[in-house]
Amino acid sequence: MQKNTESFIDFKDFPKNYDYQTVEKKISQYWEDNKIYKFEPCDKIRKVYSVDTPPPYVSSSHLHVGHVMSYSQAEFIIRYKRMKGFNVFYPMGFDDNGLPTERYVEKKYKINKSKITREEFIDLCLKETKSGIEVYKSLWKSVGISADYGLSYSTIDERCRKTSQKSFLDLYNKGLIERRNEPILWCPQCRTSLAQADVVLEEFSGVLYDIEFKSMDGKGLIISTTRPELLGGCVAVYANPADERYGFLKGQNVNVPLYNKEVPVKYDESVDMNYGTGLMMVCTWGDAEDVKKWKEHKLDTAIVIDKAGRLNELSGKFNGLNVKEAKKAVVEDLNEKFLIKGEKPLIHNVGVHDRCATPVEFILAEQWFIKILDNKDKFIGAGNQMTWHPEFMKARYDEWINNLKWDWNISRQRFYGVPFPVWYCSECGEVITAAETELPVDPAANSPAVNKCPKCGGKEFKPETDVMDTWMTSSMTPLINSRWAYGDIESKELLNTIYPMGLRPQAQEIIRTWLFYTVVKSIYHTENIPFKNIMISGWGLDKNGKKMSKSLGNFVGPEDIISKYSADALRYWASKANLGQDLRFNEEDVVAGRKLLIKIWNAARFLITNISPEFDPYEKNISDLKLSRIDKWVLTEFENALKVCENNMESYEYSFALRTASDFFYNIYCDNYLEIIKNVFWDEGEENAERKKTVLNVMYFVSLNILKVFAPFMPFITEELYLSFYGNFEKGKSIHLSIWPEFKKELIFSDSVKIAGILLNILEASRKLRTNLNLHQNHRIGKILIQTLNPDYIGIINEISGDIMSAVRAERVVFSDKADFKTADGDIFISLEK
RNA sequence: GGGCGGAUAGCUCAGCCGGUUAGAGCACCGGCUUUACAAGCCGGGGGUCACAGGUUCGAACCCUGUUCCGCCUACCA
């Protein structure tokens, strides 16, 4: 293992400066060429740690340092697991089907969807997807994300389409998917139906109008509503059964203004007597409450809004107006007839489409639903079986499930997505599903395997033209990774090996979607949880504490930061936030990261440039060396720090782990240990040879092992030092495949910490004195005078006098009453003499 | 309306299963350059731990309430 003399010249010439620009590129290439992060499916020895990597949607170049933060935080743990000896399954996915991509392409090419064919549009989406993936891949590589890119998938590729379609068939066969004709959430802007998860509530300021209806005997009845434009869709008027004011209306109809039509009066306890006049109009459909009453009480249907969000012919003279225009026109009409009895401004919550912020409407359409309302308990139960980091994030999951109102509508009236593996008989409408063997299938381009309808014998079939919700695919990622859709032996073995997955890292805003839907699918398909651990990251915020996003323009691109400060430094910033906590982006923190890198580099250089050709770190066990008190102290402190780091990494508390490691590295190792021992290298005397050797071995041991602790956080510089120096004495082709330092109990020398404390107090006081005297810290002095009031200290000070002299750069240690400068230990005083 | 997270030095954040004078980095002030590192080293100043109560020998930490910021969630039309 010993290096030859020629290489030794290289060590002496070890670069003074760390050139991260060159090194990071070189190391990245090295990892790729040597397949350092390759998952080994045939490895039967190591345990598997599998990761369900978040697939970012690739169709817009929206990546900012916040994304780097969240990926890095998960990656700290993943790299740690790899060093703990796990066979890591860490794929990279790219989410590129569905609405986000479509919207991106529409915007980029200013597309009018009525003037482009489905095929042309899909081609454009595929093209953008492809180039997007390349941009992402290169960024992830430059950040040092240690995924096995050989395991990549894209949600529009064949495997994902096959898996999504198989999921559909499996659920259909299990009776968990139904086609139903019912009111659904609809985005008039995107012209597609939505699921509850695609709708977010937004505060709008609106007006509550008091509108006069008429009872059959002509009495005015005031009803408050924010949506007068839906008057034409009014199908009933409701009151609370306990409301004595309206008991007289029982069994009667009331007259709807402007439309001169009669609707029945109904009673329901959900009506708040104290809101408005206590009378409420129900339309088909203005909100979820309308849908509920319509279903429960079998109300008439009067649909006045079309799929474009415009009023239709049923609305009479308002036909063709959009909702906003119609509202204005209806109010004007009512005002002319003096039927508006009051207007109150109010702030109310309106459901909007999360991709385009357009208020959603309800329309009636035949759609495919995955039943989820019946199994809320199972999903909550699954949530309890998984370990959440941080734990408080679980509340969001539970809350979401408890508040679910609709089954999961998976039909989308869009182009770019995974098609349903379904045809309908033209005669009788019977559903014809694809055979599993033909997946993935495009029903628009292929015929069903059967040649006649099993129900009516019809021979014509119509393909389902809707595509599936993008989450229909994303929710399958653990099963996509596990090749669940494939029946061969290797796929089955992979499923057994990596599923349930070890880790799901993800962002907090997709708990209700990606996380929830994945649990649904896993429970339904495998009766198992999809993963054991969940890491939820916080957001990257801008300097002012606002969430970074492209639309807000407060966005810091990672490329600039990386080229300015290095990827390792950016990752250092990412480590600053505790998991789940938001983190402001501060360039100063990245600068601090770069400082740490430089310190690591220089500390290593001190060792590297001082070793001699005979150096052999493994000539003896470290505990068999003739260790001084100060050596024992640094080893003890290292082992203690190591233990803390390891415990914290085990509980996904990477932030505290790195802080502990850096504190040890700066305060214990660099500022004190190296400063205390360094002058052994200034003296060429033979009597120093043995001590030099010991010190070099201690330095090698500590610096290599702390480098390993740093490795998950700063993968580039640690690898560079490992390959260019430590690797000459170590086996293994990467620090990231090396084994995490094992805690060595035999290197804990408890009394050394106390004894070193005495030395450190003396050193600190000597530094203060030097500062007071304007004396250079390394300037050699003749004597250090020490006075101690504690007789127990005398023996100790005698024992460590060599280290004291070395530490304070003095020729001699002398006990003397003249020493009068108080140290932090009130029982010790010192003075310095030339 | 309910819930969660946050409020600690000028700035960004640790500490929070109670226990000596509350920490780090940056910024600020003073000093130090042949012997790993000036992108450095040594030293220093700086905080009534959001506010008000309470429990305790002792509270940044536990309890109650309040304010502000952020988020999740919610059928008051």
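Letters A, B, ... mirror the listed sequences (proteins, then strands); counts begin at 1.
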Would you say the side chain of [Y] lies within less than 4.5 Å of the side chain of [X], judging by non-hydrogen atoms?
{"X": "A/H353", "Y": "A/L194", "result": "yes"}
{"X": "A/V702", "Y": "A/Y669", "result": "yes"}
{"X": "A/K678", "Y": "A/R809", "result": "yes"}
{"X": "A/L832", "Y": "A/R770", "result": "yes"}
{"X": "A/Q777", "Y": "A/R767", "result": "yes"}

Respond yes when some side-chain nitrogen or oxygen of [X] is under 4.0 Å from OP1 or OP2 of [N], and no when none is.
{"X": "A/R659", "N": "B/rA14", "result": "no"}
{"X": "A/K768", "N": "B/rG44", "result": "yes"}
{"X": "A/Q196", "N": "B/rA74", "result": "yes"}
{"X": "A/R512", "N": "B/rU73", "result": "yes"}
{"X": "A/K405", "N": "B/rC75", "result": "yes"}
{"X": "A/K599", "N": "B/rG40", "result": "no"}

**OP:** Say whether, by atom type as modelled, one donor and one acceptor occur between the side chain of A/N240 and the main chain of A/D272 under 3.5 angstrom.
**Re:** no

[N] to [M] separation - [atom1] atoms, rounded to the nearest Å:
{"N": "B/rU8", "M": "B/rA24", "atom1": "C1'", "answer": "13 Å"}
{"N": "B/rG25", "M": "B/rU66", "atom1": "C1'", "answer": "34 Å"}
{"N": "B/rA14", "M": "B/rG5", "atom1": "P", "answer": "14 Å"}
{"N": "B/rC61", "M": "B/rA50", "atom1": "P", "answer": "8 Å"}
{"N": "B/rA39", "M": "B/rC28", "atom1": "P", "answer": "15 Å"}

Across the strands shown, which category fits [X] at heavy-atom distances under 4.0 angstrom: base, sugar-phosphate, nothing?
{"X": "A/K16", "value": "sugar-phosphate"}
{"X": "A/A395", "value": "nothing"}
{"X": "A/R594", "value": "base"}
{"X": "A/W539", "value": "sugar-phosphate"}
{"X": "A/Q777", "value": "sugar-phosphate"}
{"X": "A/D287", "value": "sugar-phosphate"}
{"X": "A/L201", "value": "base"}
{"X": "A/V282", "value": "nothing"}

**OP:** Go through the steps to decide whether A/E509 and A/W539 satisfy the test side-chain hydrogen bond (donor to acceptor under 3.5 Å, both in side chains), and finish with yes or no.
**Re:** CA-CA 9 Å; A/E509 69 268 27; A/W539 284 327; 2.8 Å; yes

**OP:** Kindly determine whether A/D243 and A/Y267 satisfy side-chain hydrogen bond (donor to acceptor under 3.5 Å, both in side chains), including the steps that lead there.
**Re:** CA-CA 9 Å; A/D243 195 334; A/Y267 296 90; over 6 Å; no

Take the protein atom [atom1] of [X] and the nucleotide atom [atom2] of [N], then report the distance between them rounded to whole Å.
{"X": "A/L658", "N": "B/rA14", "atom1": "CG", "atom2": "C1'", "answer": "13 Å"}
{"X": "A/F664", "N": "B/rA24", "atom1": "CZ", "atom2": "P", "answer": "18 Å"}
{"X": "A/E391", "N": "B/rG5", "atom1": "CD", "atom2": "C1'", "answer": "14 Å"}
{"X": "A/L583", "N": "B/rC11", "atom1": "CG", "atom2": "P", "answer": "17 Å"}
{"X": "A/I717", "N": "B/rA36", "atom1": "CD1", "atom2": "C1'", "answer": "13 Å"}
{"X": "A/R584", "N": "B/rA14", "atom1": "CZ", "atom2": "P", "answer": "12 Å"}
{"X": "A/L597", "N": "B/rG25", "atom1": "CG", "atom2": "P", "answer": "17 Å"}
{"X": "A/L696", "N": "B/rA36", "atom1": "CG", "atom2": "P", "answer": "13 Å"}

[N]: pairing nucleotide in any strand, Watson-Crick or G-U under 3.5 angstrom:
{"N": "B/rC41", "value": "B/rG31"}
{"N": "B/rG1", "value": "B/rU73"}
{"N": "B/rC51", "value": "B/rG65"}
{"N": "B/rC26", "value": "B/rG10"}

Side chain of [X] - closest among [options]:
{"X": "A/N774", "options": "B/rG43, B/rU12, B/rG31", "result": "B/rG31"}
{"X": "A/W682", "options": "B/rG31, B/rG43, B/rA36", "result": "B/rA36"}
{"X": "A/E764", "options": "B/rC37, B/rC71, B/rG43", "result": "B/rG43"}
{"X": "A/T226", "options": "B/rA74, B/rG15, B/rA77", "result": "B/rA77"}
{"X": "A/I598", "options": "B/rC37, B/rC41, B/rG70", "result": "B/rC37"}
{"X": "A/T771", "options": "B/rU73, B/rG30, B/rU33", "result": "B/rG30"}
{"X": "A/Y275", "options": "B/rA77, B/rC37, B/rU73", "result": "B/rA77"}
{"X": "A/K595", "options": "B/rU73, B/rA39, B/rA36", "result": "B/rA39"}
{"X": "A/D582", "options": "B/rC76, B/rA14, B/rG70", "result": "B/rG70"}
{"X": "A/R767", "options": "B/rA36, B/rG43, B/rC72", "result": "B/rG43"}

Original post:
Does any residue of residues 343-352 of chain A have a heavy atom under 4.0 Å from RNA chain B, and if so, which ones, in number order?
Top reply: A/H348, A/N349

Original post:
Could you go step by step and tell me if A/D663 and A/T660 meet the side-chain hydrogen bond (donor to acceptor under 3.5 Å, both in side chains) rule?
Top reply: CA-CA 5 Å; A/D663 284 353; A/T660 303; over 6 Å; no

**OP:** Assess whether one donor atom and one acceptor atom, taken from the side chain of A/E675 and the base of B/rC37, lie less than 3.5 Å apart.
**Re:** yes

Original post:
Does A/Q581 make a side-chain donor-acceptor contact with the base of B/rG5, cut-off 3.5 Å?
Top reply: no

Original post:
Angle class for the A/F555/A/H64 ring planes (parallel below 30°, perpendicular above 60°, tilted otherwise)?
Top reply: perpendicular

Original post:
Which sits closer to the 5' end of RNA chain B, A/K576 or A/F392, going by the nucleotide each is nearest to?
Top reply: A/F392

Subject >> 5′-ward residue of the pair A/Q508/A/A604 relative to RNA chain B >> reply: A/A604

Original post:
Is any side-chain N of the basic residue among A/K295 and A/E182 closer than 4.0 Å to the acidic one's carboxylate O?
Top reply: yes

Subject >> Value rounded to 0.5 Å, distance of SG in A/C645 from CG in A/N705 >> reply: 11.5 Å

